[in-house]
Participant: 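Have a look at this one.
Here is how names work: the chains are called A, B, and so on, in the same order as the sequence lines, proteins then strands, and each is numbered from 1. Values below: every heavy atom of this structure, side chains too, minus hydrogens, waters and symmetry copies. In this text, all values refer to a predicted model and were calculated from it rather than measured experimentally.
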Protein chains: 2
Amino acid sequence: MGKCEQCIIKQFNAMKSLTKDELIRISGCKTSRIIKKGEVIFEEGENINGVYCIKDGICKLSKLSENGKDQIVKMVVKGQLLGQRSLITEEVSNLQAVALNDMEVCFIPRVEIMADLQNNLKFSFDVLKVMARDLRESDDIIVNMAQKTVRKRLADVLIYLHSNFGENTDGTLSILLSREDYANIVGTATESAIRIISQLKKENLISTKGKYIKIEDLAGLKRVE
Amino acid sequence: MGKCEQCIIKQFNAMKSLTKDELIRISGCKTSRIIKKGEVIFEEGENINGVYCIKDGICKLSKLSENGKDQIVKMVVKGQLLGQRSLITEEVSNLQAVALNDMEVCFIPRVEIMADLQNNLKFSFDVLKVMARDLRESDDIIVNMAQKTVRKRLADVLIYLHSNFGENTDGTLSILLSREDYANIVGTATESAIRIISQLKKENLISTKGKYIKIEDLAGLKRVE
DNA sequence: AAGGAAATATGACCAATATCATGAACACGC
DNA sequence: GCGTGTTCATGATATTGGTCATATTTCCTT
């Protein structure tokens with residue numbers, strides 16, 4: 001099992017602010033785990049009891065709505081921490097986490113992370129920064145949900161996925177989502193998402209290869225209203 | 001001007017975790033201010049340069065959408081701090097703040113609050129807790145925006161205002177919002193908000209006295225789908 | 001108290017999106 | 001390779017909500 005103090009992944013999250021001693025301590029109590037695509041990492045209402053540091057892969061965080069639909073509220077990727085909020089509010093998770101591809105994660109038990117949060121000011125301030133940025137992002141999502149059409153939101157998601165997760169060698173988006181996932185991100189019916197994807201295809205803004213989507217005209221996609 | 005170390009408002013926010021010395025220092029550099037109803041506290045894109053501690057009153061935080069509509073993302077009330085996020089991300093504000101009634105606030109300059117955030121662990125952890133809870137709330141708002149009808153969202157807002165801000169002696173909601181504000185909270189056209197309010201009135205779930213709204217049948221309002 | 005501006009209210013119509021139905025393509029176990 | 005379930009696709013139709021037009025009421029100014 002890798003050692004935290006030598007792990008390069010921590011560069012991308014607040015754990016870079018931990019001291020060498022703290023990292024060695026964490027290293028001794030963490031557990032590594034492989035999570036397969038589609039596997040549930042934790043459920044809504046579950047006591048997470050710690051934090052996941054994502055060494056590789058991507059997962060979706062979603063919340064079940066009263067109408068039975070899952071709303072995806074965030075994607076958490078390689079380099080980020082998963083589960084901080086519930087840790088800090090000391091409540092069960094309000095979200096479900098599901099792996100979107102095969103993942104490699106380290107799990108750090110609650111008590112260990114809490115000890116550092118309450119002793120290492122630089123660390124807790126770093127987490128604070130991440131949260132403040134998340135809140136800003138949430139504001140934007142709320143505004144988009146409230147004010148933009150489904151078509152515009154879907155175009156935005158494609159652009160977002162492209163700029164954040166990049167493309168495969170054939171130019172398709174490297175992150176593979178089902179049409180239902182797309183619907184659950186923009187908050188619409190699966191049929192509507194499919195319909196709009198077909199439409200964007202007809203307008204030559206994107207193309208599809210099976211489930212894979214390729215952006216053909218990024219500038220055009222940005223112009224979608 | 002009041003002294004922070006004796007101010008009871010701090011009980012309701014993270015400032016309760018500051019030491020007496022820190023409070024005395026803050027007290028010496030803070031400025032008190034009365035803000036009239038409708039007045040802008042800060043604009044989107046403005047450098048806030050500090051934090052407001054709300055001694056009395058309520059304000060709305062909104063963001064201008066590309067379609068020209070203002071989306072209200074949060075209400076901040078007596079006892080809470082305003083402007084923490086921008087302070088922490090060290091960016092200009094992403095939101096506009098406008099007073100919904102006459103307010104009394106204390107403004108604490110950035111450097112002073114930052115000093116405490118970076119020296120007092122209990123204080124920064126308390127702010128962290130508030131933010132984690134805000135994030136949780138944001139998740140709920142995103143899900144509601146994405147999955148619920150305007151009618152349901154508006155009913156929810158009325159219930160929220162009732163349970164959070166209470167009622168006047170005549171039973172009307174103590175917080176007075178324009179129909180446009182209601183529209184900007186639920187993310188709809190003003191006409192739609194007006195229409196739905198009229199409809200709820202016809203169904204005897206609420207009644208109105210001028211701009212004031214009174215909840216007549218809370219249980220019924222909760223049943224709205 | 002009068003006049004005018006702003007907020008509230010309502011109707012008519014249209015566009016966006018949901019829902020239901022059905023079929024085609026694909027994926028997987030045997 | 002063959003069913004069989006799942007995902008993708010598309011049509012028909014219903015519903016929701018947005019936009020524009022126009023009253024009506026409220027509120028503010030003078």
Side-chain angles (χ1 to χ4, degrees), chain A residues 36-38 65-71 98 100-101 143-158 172-173 176-203 206-214 224-225, chain B residues 36-38 65-71 98 100-101 143-158 172-173 176-203 206-214 224-225:
Chain A
K36 293 231 180 77
K37 177 179 172 173
S65 169
E66 288 165 29
N67 63 6
K69 279 186 191 154
D70 236 18
Q71 177 66 37
V98 174
L100 285 173
N101 47 30
V143 175
N144 290 345
M145 285 290 177
Q147 305 285 355
K148 291 183 183 165
T149 63
V150 174
R151 182 176 152 84
K152 170 73 173 157
R153 275 182 270 153
L154 191 43
D156 284 351
V157 166
L158 292 173
T172 55
L173 291 179
L176 181 59
L177 296 177
S178 69
R179 303 296 195 252
E180 192 181 2
D181 282 332
Y182 281 106
N184 292 349
I185 292 172
V186 301
T188 190
T190 306
E191 298 94 319
S192 296
I194 290 173
R195 234 181 276 273
I196 288 166
I197 288 171
S198 301
Q199 211 178 311
L200 295 174
K201 208 159 65 176
K202 273 184 201 139
E203 297 167 40
I206 62 173
S207 63
T208 59
K209 273 191 197 178
K211 299 193 176 206
Y212 286 89
I213 293 179
K214 179 176 176 180
V224 165
E225 274 315 317
Chain B
K36 293 231 181 76
K37 178 179 171 171
S65 169
E66 289 165 27
N67 63 7
K69 280 187 189 154
D70 236 18
Q71 177 65 38
V98 174
L100 285 172
N101 47 32
V143 175
N144 289 346
M145 285 292 177
Q147 306 284 355
K148 291 183 183 167
T149 63
V150 174
R151 182 175 152 85
K152 170 72 172 160
R153 276 182 269 154
L154 191 43
D156 284 351
V157 166
L158 292 172
T172 55
L173 291 179
L176 181 58
L177 297 176
S178 69
R179 302 295 194 251
E180 192 181 1
D181 283 332
Y182 281 106
N184 293 347
I185 293 173
V186 300
T188 191
T190 306
E191 297 95 319
S192 295
I194 290 172
R195 233 180 278 274
I196 289 166
I197 288 171
S198 301
Q199 209 178 312
L200 294 175
K201 207 159 66 176
K202 273 185 200 137
E203 296 167 42
I206 62 173
S207 63
T208 59
K209 272 191 199 180
K211 299 194 177 207
Y212 286 90
I213 293 180
K214 180 176 176 181
V224 164
E225 276 315 317

Participant: Nearest 0.5 Å please: distance from the CZ atom of R179(A) over to the CD atom of E191(A).
Facilitator: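 Result: 13.5 Å between the selected atoms.
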Participant: Rounded to the Å, how far apart are L177(A) CG and dT7(D) C1'?
Facilitator: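 Whole-Å distance recorded here is 14 Å.
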Participant: Restricting to non-hydrogen atoms, name the atom on L100(A) and the atom on K37(A) that form the minimum distance, rounded to 0.1 Å.
Facilitator: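 Where L100(A) meets K37(A) most closely, the heavy atoms are O-CG, 3.5 Å.
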Participant: Rounded to whole Å, how long is the line connecting atom NZ of K152(A) with atom P of dG18(D)?
Facilitator: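 Computing the K152(A):NZ to dG18(D):P distance gives 18 Å.
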Participant: Can you tell me how far OG1 of T172(B) sits from NZ of K211(B), rounded to the nearest 0.5 angstrom?
Facilitator: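 One gets 14.0 Å once the value is rounded to the nearest 0.5 Å.
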Participant: What heavy-atom pair brings T190(B) and A183(B) nearest, and what distance separates the two atoms?
Facilitator: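 Looks like CA-CB, 3.6 Å.
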Participant: Does K148(A) reach a base, just sugar-phosphate, or nothing at all? Heavy atoms under 4.0 Å.
Facilitator: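 The answer is nothing, as K148(A) stays clear of every strand by at least 4.0 Å.
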Participant: Can you find a donor-acceptor pair, distance only, under 3.5 Å between R195(B) side chain and dT19(D) base?
Facilitator: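 For R195(B), whose side chain was compared with the base of dT19(D), there is a donor-acceptor pair (under 3.5 Å).
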Participant: As an exercise, state the distance from CZ of R195(B) to CZ of R151(B), rounded to the nearest 0.5 Å.
Facilitator: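 One gets 14.0 Å once the value is rounded to the nearest 0.5 Å.
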Participant: Between K69(A) and I194(B), which residue's closest nucleotide on DNA chain C lies nearer the 5′ terminus?
Facilitator: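 By nearest-heavy-atom nucleotide position, the 5'-most residue is I194(B).
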Participant: What are the two closest heavy atoms between S65(A) and V143(B), and how far apart are they?
Facilitator: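 What the structure gives for the nearest pair is CB-CG1, 3.7 Å.
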Participant: Looking at E66(A), I want to see if its CD is surrounded by more than 12 non-hydrogen atoms of other residues, nucleotides or ligands under 6.0 Å.
Facilitator: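 At most 12 heavy atoms, drawn from other residues, nucleotides or ligands, come within 6.0 Å of this atom.
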Participant: Which pair of heavy atoms, one from K152(B) and one from V224(B), lies closest together, and at what distance?
Facilitator: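 Distance-wise, the nearest heavy atoms are CD-O, 3.2 Å.
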Participant: Which whole-number value in Å describes the distance from I196(A) CD1 to dC8(D) P?
Facilitator: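 The distance from CD1 of I196(A) to P of dC8(D) comes to 15 Å, rounded to the nearest Å.
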Participant: Look at all strands and tell whether T190(B) reaches a base, only sugar-phosphate, or nothing, counting heavy atoms closer than 4.0 Å.
Facilitator: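 No contact.
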Participant: State whether the side chain of D70(A) and the backbone N or O of N184(A) hold a donor-acceptor pair below 3.5 Å, judged by distance alone.
Facilitator: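 The answer is no, because no donor-acceptor pair under 3.5 Å joins these two groups.
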Participant: Is there any protein nitrogen or oxygen under 3.5 Å from a nitrogen or oxygen in nucleotides 4-6 of chain D, and what are the pairs?
Facilitator:
none

Participant: Produce a footprint string for nucleotides 22-30 of chain D: one letter per nucleotide, 5' end first; B if the base is under 4.0 Å from any protein heavy atom, S if only the sugar-phosphate is, - if neither.
Facilitator: ---------
Participant: Base, sugar-phosphate or nothing for K201(B)? Non-hydrogen atoms, less than 4.0 Å.
Facilitator: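 Contact class for K201(B): sugar-phosphate only.
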Participant: Answer yes or no: does a side-chain N or O of S198(A) lie under 4.0 Å from OP1 or OP2 of dT10(D)?
Facilitator: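 Yes.
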Participant: Between R179(B) and G187(A), which is nearer to the 5' end of DNA chain C once each is assigned its nearest nucleotide?
Facilitator: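 It is R179(B), whose closest nucleotide lies nearer the 5' terminus.
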Participant: Please find the earliest and latest nucleotides of DNA chain C, in the 5' to 3' direction, that have an atom within less than 4.0 Å of any heavy atom of chain A.
Facilitator: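 So the contact region on DNA chain C extends dT17(C) to dC20(C).
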Participant: Within a strict 4.5 Å, meaning less than it, do heavy atoms of the T188(A) and R153(A) side chains meet?
Facilitator: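 The answer is no; the side chains never approach within 4.5 Å.
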Participant: List for me each residue that meets side chain to side chain contact (heavy atoms under 4.5 Å, CB included) alongside L158(B), sequence neighbours excluded, and say none if there are none.
Facilitator: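 L158(B) satisfies side chain to side chain contact (heavy atoms under 4.5 Å, CB included) with L173(B), Y182(B), L200(B), I206(B), I213(B), I215(B), L221(B) only.
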Participant: Please report how far the helix from dA1(C)-dT30(D) to dC30(C)-dG1(D) bends, comparing the axis fitted to its first five pairs with the axis fitted to its last five, to the nearest 10 degrees.
Facilitator: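 So the angle between the two local helix axes works out to 50°.
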Participant: Mind calculating the distance between CD1 (I197(B)) and P (dG17(D)) to the nearest angstrom?
Facilitator: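 After rounding, the reported distance stands at 14 Å.
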Participant: So I197(B) and L154(B), side-chain contact (heavy atoms from CB on, under 4.5 Å) or not? Walk me through it.
Facilitator: CA-CA 8 Å; I197(B) 288 171; L154(B) 191 43; 4.0 Å; yes
Participant: I185(A) and M145(A): which non-hydrogen atoms are nearest, and at how many Å?
Facilitator: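 The pair with the smallest heavy-atom distance is O-CE, 3.2 Å.
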Participant: Provide, to the nearest angstrom, the distance between the CD1 atom belonging to I206(A) and the C1' atom belonging to dA9(D).
Facilitator: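 So the CD1-C1' distance, I206(A) to dA9(D), works out to 14 Å.
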Participant: Would you kindly give the CD-to-P distance between E191(A) and dC8(D), to the nearest whole Å?
Facilitator: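 It is 12 Å, rounded to the nearest whole Å.
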Participant: Return the value, rounded to whole Å, for the distance between atom CD of E225(B) and atom P of dT16(D).
Facilitator: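 Going from CD in E225(B) over to P in dT16(D) covers 12 Å.
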Participant: Could you tell me which residues satisfy side chain to side chain contact (heavy atoms under 4.5 Å, CB included) with K202(B), sequence neighbours excluded, listed by chain and number?
Facilitator: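 For K202(B) there are no side chain to side chain contact (heavy atoms under 4.5 Å, CB included) partners, ignoring immediate neighbours.
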Participant: Would you name the heavy atoms of Q71(A) and G187(A) that are closest together and state the gap between them?
Facilitator: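 Looks like OE1-CA, 3.4 Å.
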Participant: What is the distance, to the nearest angstrom, from the CD atom on E180(B) to the P atom on dT19(D)?
Facilitator: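 One finds 13 Å between P of dT19(D) and CD of E180(B), rounded.
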Participant: Contact class for T149(B) vs. all strands (heavy atom < 4.0 Å): base, sugar-phosphate, or nothing?
Facilitator: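 T149(B): backbone/sugar contact only, no base atoms under 4.0 Å.
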